[in-house]
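Comments concern the structure below.
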Amino acid sequence: MELRRPRGTNDILPGEVERWQRLEDAVRTVFDRHGYAEIRLPVFEHTEVFVRGVGETTDIVEKQMYTFEDQGGRSLTLRPEGTAPVVRAYLEHKLHGRGLPAKLYYIGPMFRYERPQAGRYRQFHQFGAEAIGSDSPLLDVEMMAIPVTIYRELGLENFRIDLNSIGCEACRPAYRQALRDYLVTRLDALCPTCVRRLDRNPLRVLDCKEKPCIEASEGAPKSYEHLCDECAEHFAAVQKGLDALGLEYVVNYRLVRGLDYYTRTVFELVGLDLGAQDALGGGGRYDGLVEACGGPPTPAVGFAAGIERVLLSLEKLGVEAEAPALDAYIVVQGETDRADALRLAFALRSAGLRVEMDYLNRSMRAQMRTAQRSGAAYAVILGESETAAGTALVKDMASGEQQEVSQERIVDVIRGGRNLG
RNA sequence: GUGGGUGUAGCUCAGCUGGUUAGAGCGCCAGGUUGUGGCCCUGGAGGCCGCCGGUUCGACUCCGGUCACUCACCCCA
């Protein structure tokens, strides 16, 4: 039986990895520009980090975690998301001591046990950010503006911002009750899962996709109409900030999100040309999470975006990313000492050129063909008479012209030609 | 966890209602005389026809199971 990669994982091969690198570059430069520092955390954590951080009643914790016991009997979990670990690290290293808000970003693999589908994998990759220690609505705005900036940088425009506010500990209970009261009157119309949700998490009924549930909740009370004064003010400020940046958004009262820790602002970036898994990114405010993880009361906001989905969208747009072509391919003729060719290759490489050569002792004809196919701008041909003279033939692959130059001058000839061309 | 679709060379795919050595294009390798690529020509390597079982004289082809991929539900990034 052939060895295969585990279900829901992907090998990122040459030819595709260039897209990833381009995206990662964009992510890093944009974060850097906005004052966010990268933080790199372990891919597994104590299971407790997620149980307390993400919430026991979430799907993630209930059925999607890769949890295992290590040889020391510790229960560990492959991280299913990035926020809880960042909060854990923020507390563990007392990052508040470096000034608030702590503005951190991450980029890396996440793991969730789910049925793989278009845009959904068991190992997937996210980039995201957290700003911990400020309740400013300006940061909520920043969390939406940054991914938008990254997408635009990459040439991706086809998405929508959905926005909502689900209130805080002070006002949400009353809203939840009002919603429940409303939905109870339409109990018969709801699907079985929503009937169950009514008790534990009635907000989730709002984003159920069953037609009857959608209709039943059509006239339901909206969270943003039941906010306390502070939350209402905050929500207004967030919208004002988005307007100030000229970011278009849609207030969507059905947007509630599946992680327990959110308060006030929640948002989602919805890709318009993706399949069923159309969330390019999402996030919100989680003013209670730091405290729930054992820290002092600390407000925070964050977002995360799915790299595979961004890449998928770019692919549909036909955005290409290719590895840069070679500057030179060294062609060795006849009985010429291959060590001379290797030495020349390394000399050119040291000078900063991208250089390849043959390692299979192939015929000159075959080497020329490979040089051609590799897209190399120049072939550097090394024969017995050239090695003896300390020269090489530098051939412009496009024009076919070639000249014999001393080996010391090859770099200049290639650089010069490139400047002209 | 539940459904639908699909599994034949490295890639994209043919293979008619079961019949003898399983094909094409692209890619890869070599050659078209002795130190030069693209175009063209010739040749070559490469397939447990996903796997297991069944029906049959005979299965890539039909049936069952299984695994994988894929799309959707669910959930989200």
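Everything numeric in this text was worked out from a predicted model, so none of it was measured. Below, read A as the first sequence line, B as the second, and so on, with proteins coming before strands; counting in each chain starts at 1.
- If you take OH of A:Tyr113 and C1' of B:rA77, they are 19 Å apart, rounded to a whole angstrom.
- Under the 3.5 Å distance criterion, the side-chain polar atoms of A:Asp327 are matched with a main-chain donor or acceptor of A:Arg354.
- Counting non-hydrogen atoms under 4.0 angstrom, A:Gly128 reaches nothing in the nucleic acid.
- A straight line from CG of A:Leu360 to P of B:rC29 spans 9 Å, rounded to a whole angstrom.
- Listed nucleotides: B:rC69, B:rG35, B:rC76. Nearest to the side chain of A:Arg204: B:rC76.
- Using P as the reference atom, B:rC16 and B:rC63 are 14 Å apart when rounded to the nearest Å.
- With a cut-off of 3.5 Å on both pairing distances, the Watson-Crick or G-U wobble partner of B:rC13 is B:rG23.
- Checking B:rU70, B:rG37, B:rA77 against the side-chain heavy atoms of A:Arg365 singles out B:rG37 as nearest.
- The two residues A:Leu156 and A:Ser313 come nearest to each other via the heavy atoms CD1-CB, 3.5 Å.
- For B:rG35, the OP1/OP2 oxygens have a side-chain nitrogen or oxygen of A:Gln333 closer than 4.0 Å.
- Here B:rA72 is the nucleotide among B:rC76, B:rA72, B:rG37 with the atom lying nearest to any side-chain atom of A:Ala118.
- A donor N or O paired with an acceptor N or O is found under 3.5 Å between the base of B:rC76 and the side-chain atoms of A:Arg309.
- When Watson-Crick and G-U wobble pairs are counted only if both distances are under 3.5 Å, B:rG46 pairs with no nucleotide at all.
- The shortest distance between the side-chain N/O atoms of A:Arg5 and the OP1/OP2 oxygens of B:rC69 is not below 4.0 Å.
- Taking atom P on both B:rC28 and B:rC11, the two are 15 Å apart, rounded to the nearest angstrom.
- With a cut-off of 3.5 Å on both pairing distances, the Watson-Crick or G-U wobble partner of B:rC73 is B:rG1.
- Residues A:Pro116 and A:Gly119 both approach RNA chain B. Their nearest nucleotides, taken by heavy-atom distance, put A:Pro116 toward the 5′ side.
- Between A:Leu393 and A:Gln402, the shortest heavy-atom contact is CD1-NE2, 3.5 Å.
- Side-chain contact between A:Glu356 and A:Arg349 is present, with heavy atoms from C-beta onward closer than 4.5 Å.
- In this structure, A:Ser385 reaches the bases: a heavy-atom distance under 4.0 Å links it to at least one base atom across the strands shown.
- A gap of 32 Å separates the C1' atoms of B:rA22 and B:rC39, to the nearest Å.
- Within the nucleic acid shown, A:Gly334 has no heavy atom closer than 4.0 Å to any nucleic acid atom.
- Here the separation of B:rC48 from B:rA9, taken at their P atoms, is 8 Å to the nearest Å.
- Within the nucleic acid shown, A:Tyr121 comes within 4.0 Å of at least one base atom, counting heavy atoms only.
- Listed candidates were B:rA68, B:rC29, B:rC73. Nearest to the side chain of A:Arg373 is B:rC29.
- As a whole-Å value, the separation of A:Ile307 CD1 from B:rC76 C1' is 16 Å.
- With a 3.5 Å ceiling on both atom-pair distances, the Watson-Crick or G-U wobble partner of B:rG7 is B:rC67.
- Closest to the side chain of A:Lys395, out of B:rG37, B:rA30, B:rC76, is B:rG37.
- Distance noted for atom P between B:rC69 and B:rC29: 31 Å (whole Å).
- Between B:rG18 and B:rG54, the distance separating the two C1' atoms is 15 Å to the nearest Å.
- Distance, A:Asn252 CG to B:rC76 P: 14 Å, rounded to whole Å.
- When heavy atoms are screened at a 4.0 angstrom cut-off, A:Ala379 is found touching no nucleic acid atom at all.
- A side-chain donor-acceptor contact under 3.5 Å links A:Thr370 and A:Arg362.
- The gap from the C1' atom of B:rG35 to that of B:rC26 amounts to 31 Å, rounded to the nearest Å.
- Using bins of under 30°, 30° to 60° and over 60° for the plane-to-plane angle, the ring pair A:His125/A:Trp20 lands in the perpendicular bin.
- Residue A:Glu386 places a side-chain atom within donor-acceptor reach of the base of B:rG35, judged by atom type and a 3.5 Å distance cut-off alone.
- A tilted orientation is assigned to the rings of A:Tyr36 and A:Phe31, their planes being inclined by 30° to 60°.
- For A:Arg115, whose side chain is taken as the heavy atoms from C-beta onward, the closest listed nucleotide among B:rU70, B:rA30, B:rU2 is B:rU2.
- Between the CG atom of A:Asp278 and the P atom of B:rC75 there is a distance of 13 Å, given to the nearest Å.
- Distance noted for atom C1' between B:rG64 and B:rU56: 16 Å (whole Å).
- In this structure, A:Trp20 places its CH2 atom 11 Å from C1' of B:rA77, rounding to the nearest Å.
- In this structure, the nucleotide among B:rA30, B:rA77, B:rA72 sitting nearest to the side chain of A:Gln126 is B:rA77.
- Contact between A:Leu190 and A:Ala216 at its shortest, heavy atoms only, is CD2-CB, 3.9 Å.
- The nearest whole Å value for the distance from the CE atom in A:Met397 to the C1' atom in B:rG38 is 8 Å.
- Under 3.5 Å, the side chain of A:Gln117 and the base of B:rC74 form at least one donor-acceptor pair of N or O atoms.
- Here B:rA77 presents its P atom at 13 Å from CZ of A:Phe127, a figure rounded to the nearest Å.
- Residues A:Tyr224 and A:Val251 meet the side-chain proximity criterion, which asks for heavy atoms closer than 4.5 Å.
- Evaluation of atom-type donor-acceptor distances gives a pair under 3.5 Å for the side chain of A:Gln402 against the base of B:rU36.
- A close approach under 4.0 Å does not occur between any side-chain nitrogen or oxygen of A:Thr370 and OP1 or OP2 of B:rG37.
- In the set B:rC73, B:rU36, B:rA30, the nucleotide with an atom closest to the side chain of A:Arg362 is B:rA30.
- Among the heavy atoms of the strands lying under 4.0 Å from A:Leu393 is at least one base atom, whether or not backbone atoms are also near.
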